[in-house]
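Order of the sequence lines fixes the chain letters, A, B, ..., with proteins taken first and strands second; residue numbering starts at 1 for each chain. From a predicted model like this one, the values you see are computed outputs, not experimental measurements.
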Protein chains: 4
Amino acid sequence: MPLSEEQIQNMQRKRRQILIAAATLFAEYGYEGTPVKKIAEAAGVSFGSVFTYFDNKETLFHSAVTEPLKEFEKLVEEIDPEAEDVLAELETMVSKHIRIYASMNEFLNLVTRVLTHYRKFPDTFKELDEFHERLRERVMELVVSGQNKGVLYEQDPGNVATVYTSLLMGMRLSLIDEPESSMWERLVPHVMQIFGPKH
Amino acid sequence: MPLSEEQIQNMQRKRRQILIAAATLFAEYGYEGTPVKKIAEAAGVSFGSVFTYFDNKETLFHSAVTEPLKEFEKLVEEIDPEAEDVLAELETMVSKHIRIYASMNEFLNLVTRVLTHYRKFPDTFKELDEFHERLRERVMELVVSGQNKGVLYEQDPGNVATVYTSLLMGMRLSLIDEPESSMWERLVPHVMQIFGPKH
Amino acid sequence: MPLSEEQIQNMQRKRRQILIAAATLFAEYGYEGTPVKKIAEAAGVSFGSVFTYFDNKETLFHSAVTEPLKEFEKLVEEIDPEAEDVLAELETMVSKHIRIYASMNEFLNLVTRVLTHYRKFPDTFKELDEFHERLRERVMELVVSGQNKGVLYEQDPGNVATVYTSLLMGMRLSLIDEPESSMWERLVPHVMQIFGPKH
Amino acid sequence: MPLSEEQIQNMQRKRRQILIAAATLFAEYGYEGTPVKKIAEAAGVSFGSVFTYFDNKETLFHSAVTEPLKEFEKLVEEIDPEAEDVLAELETMVSKHIRIYASMNEFLNLVTRVLTHYRKFPDTFKELDEFHERLRERVMELVVSGQNKGVLYEQDPGNVATVYTSLLMGMRLSLIDEPESSMWERLVPHVMQIFGPKH
DNA sequence: TATGAATGAGGGTTCATTCAT
DNA sequence: CATGAATGAACCCTCATTCAT
């Protein structure tokens, strides 16, 4: 007996609820600190159901980290390395990134856990690393373009990109300001320095 | 009957071994992911002995994080805000910090865990935060001095310091290069940009 | 999906088995002297199951003591303070009580443990005390009635009731005779003396 | 090198302190509920010293229960089965016993623990039982004398003695009144009923 | 004799996973 | 598919006993 359309949607919703609850709790309490029971409760789902949707806890963790990553892909795609006004494009990018990193507190906590724990979650780490690499590539291209256009000082573009993405993560880690705080916006020009804009 | 000198030294060595083993394992596997049993084994000490030296696992974690912190105090003290040549002083500082952060992989992993878990370890977090604040203060003073001397562009010194310390943490988190890698040294000039040196 | 009728009954049986095993072992070896593991074994249940039915060992102890208490409520209710022949009623009561106290060896051992340990089990103690108070009240009423009817010597009825219930506990504690022993029955007239029957 | 007189006295004092502390704590928290460490602390003695004076915890428990028993021997000896005025002798005895049982709260708690736990402490139980038997014998003799003199109703003297000692234990167990309470004294005439005094 | 550090077995409790319903 | 009871390994911690000093 095939499942009805409604049933399928129901199941997809359940799956999503579990993922969201898992991400939240894993971010706050860590992998070992989060019992499956609590995830089920937070998702409003029976305990057993968690295991109908995910093989085991580890799989659930992996999905909770990597699936939201897809939404961030646009962060990469929205960067236009061929923009005319490189400085403006950079500033837009930095501002957007800072805003998003500020608001993604919870998710980035999760990411941090994987980074500091990468031997325990090698597959998950790999996916994060690949995303990071894509982001870095784009930034690099934009930097190269800026240097060619003479609006940025000459520096190793790879290093610039590395320092930039590091800074994003570091800020998220060091600052406990709320995402709404004006603090974040004020940091934009400081971050811009990284790229070596000619004054 | 007081303990002999030798016994006391023996105990201190044991305590240190436990702390080192704990720091290593906590850094690698996290707090919940590290059984006390393993710490004891790694330290070459019986299970029960861990509890002779530390009241419980939480206390051990706290000590493993905060006691090494004392050694880093010199990182703060070595910064001379009244240096004549501010740019040289900054460059020395950045170079030293990067080198130390690179070599402190394990310890900074531990620090990161506290930062992402600060609700679980409030006391430990507080001590880290206070250290961070002392470091930030010193950096700020040096930046102010540089701006007054006209060798740095005018920027909010607090923000500069914030961005700088964030960057240090972020680099440690993002880069998995070995401490010996020349990569770290090459990043120094990039980091210097943060301070807005006049070319 | 609700549990089937059979499952529910199964669970109730399991719960009862655990309670019985717990009562037996707690009575024999005391609270600290009884590992949960042994209770599980005695109940023919897995170790983990004990915690499916009871939050923790303390709760299990509380239940093991107070739940059987309900069955004893009839000891109180069966006393008729308005009986015509007070002496006969008293004798019936004493005989019944002695028989029951003799047969409840194990349970009363448990009770004794709570009484001697009442600071450790305040809630459990309270329930026992309330039961005891109800019993005392009834006995008192009957004594008052007997004195009014002139078949008992005048004595403070409260004290009489106190001495009576104390004696019941004391006998249980001092005598190790089997419940079947005729010893118990032979003590009835001696206990009757407490009430001051006129000869 | 023989021990000096002072040293010997010192050791005896230490031993006594340990015994007192042990009795107090065992009475309050039970055997398993009392760590040796706490006994040492309460006795103002080093942890290791407890084991210099007592082979192990069980031995210490045994001594803590049986050694004070010697002081109670006078309770038995002071009963004069050949007293002229048996009723007066009985009343004196009851009054004294009640007073002592009231004040021995702690020690009798300990006794109760042995009685309810007699399979665990067979040797200790045996000594208590022998003491109890000696007391019972004396009471019996006095009862026989009273019956012969015609001042007590005829009843089985053994049973009377049994009921009497049971009552003493039962009262101690049921009543939580302070030893100073006048309650205890008021119960004397009620207890006297047990012996069947002719009015 | 006095001390207290060292040890590891054993305790209560948690929890991922399984599986019958 | 949905549910939650069943299980037992693994966790942290306690503590009686030993023993070197």
Where does DNA chain E pair, written as one dot-bracket string 5' to 3', with Watson-Crick or G-U pairs under 3.5 Å, ( ) inside the strand, [ ] for crossing pairs and | for another strand? .||||||||||||||||||||
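Between the CZ atom of A:Arg13 and the C1' atom of F:dC1 there is a distance of 15 Å, given to the nearest Å. Here the P atom of nucleotide F:dT7 and the NZ atom of C:Lys37 are 14 Å apart, to the nearest Å. Whole-Å rounding puts the C:Glu32 CD to F:dC13 C1' distance at 16 Å. Distance CZ (B:Phe61) to C1' (F:dC12): 16 Å, rounded to an integer number of Å. Atom CD of A:Glu41 and atom P of E:dA16 are 12 Å apart (whole Å). To the nearest angstrom, C1' of F:dA6 lies 12 Å from CG of C:Asn10. The nearest whole Å value for the distance from the CD atom in B:Glu58 to the P atom in F:dC11 is 18 Å. Remark: C1' of E:dG11 and CD1 of C:Ile39 are 12 Å apart, rounded to the nearest angstrom.
Within the nucleic acid shown, D:Lys38 has no heavy atom closer than 4.0 Å to any nucleic acid atom. Within the nucleic acid shown, C:Asn56 comes within 4.0 Å of sugar-phosphate atoms alone, with no base atom in reach, counting heavy atoms only.
Under the 4.0 Å criterion applied to side-chain N and carboxylate O atoms, D:Lys57 and D:Glu32 are not assigned as salt-bridge partners. B:Arg15 and B:Glu67 are joined by a salt bridge, as a carboxylate oxygen and a charged side-chain nitrogen come within less than 4.0 angstrom of each other.
Considering only side-chain N and O atoms, C:Ser46 lies nowhere under 4.0 angstrom from the phosphate OP1 or OP2 of F:dA6. The phosphate of E:dT7 has OP1 or OP2 within less than 4.0 Å of a side-chain N or O from B:Lys14.
Taken to the nearest 0.5 Å, the CZ atom of A:Arg113 stands 7.5 Å off from the CZ atom of B:Arg113. To the nearest 0.5 Å, the span separating CG on A:Leu128 from CZ on A:Phe121 amounts to 11.0 Å. With rounding to the nearest 0.5 Å, the separation of NZ in B:Lys70 from CD in B:Glu127 is 7.5 Å.
When distances run from any side-chain atom of B:Gln7 to the nucleotides F:dT21, E:dA6, F:dC12, the shortest one goes to F:dT21. When the nucleotides E:dT7, F:dC1, F:dT7 are ranked by their closest atom to the side chain of A:Thr52, F:dC1 comes out on top. For C:Pro35, the side-chain atoms get nearest to E:dG11 when compared with the rest of E:dA6, E:dG11, F:dG8. Comparing atom distances between the A:Met11 side chain and each of F:dC1, E:dT7, F:dT17 picks out F:dC1 as nearest. In this structure, of F:dC13, E:dG4, E:dA2, it is E:dA2 that holds the atom nearest to the side chain of D:Tyr53. Comparing F:dT7, F:dC12, E:dT3 by their nearest atom to the side chain of D:Ser49 picks out E:dT3. The side chain of B:Lys57 approaches F:dC12 more closely than any other nucleotide in the set F:dC12, F:dG4, F:dT18. In the set E:dA9, E:dG12, F:dT17, the nucleotide with an atom closest to the side chain of D:Phe47 is F:dT17.
The residue among B:Gly48 and C:Phe51 whose nearest nucleotide of DNA chain E is located toward the 5' end is B:Gly48. Ranked by how close their nearest DNA chain F nucleotide is to the 5' end, C:Val50 and A:Val45 are led by A:Val45.
B:Glu71 CD: 12 or fewer foreign heavy atoms inside a 6.0 Å radius.
Figure legend: cation-pi geometry between C:Lys38 and C:Tyr29, with NZ or CZ positioned under 6.0 Å from the six-membered ring centre and within 45° of its axis.
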Determine, step by step, whether B:Asn56 and B:Thr59 satisfy the side-chain hydrogen bond (donor to acceptor under 3.5 Å, both in side chains) criterion, reporting the C-alpha distance in whole Å, the side-chain angles of both residues, the deciding distance to 0.1 Å, and the verdict. CA-CA 5 Å; B:Asn56 50 47; B:Thr59 306; 2.8 Å; yes
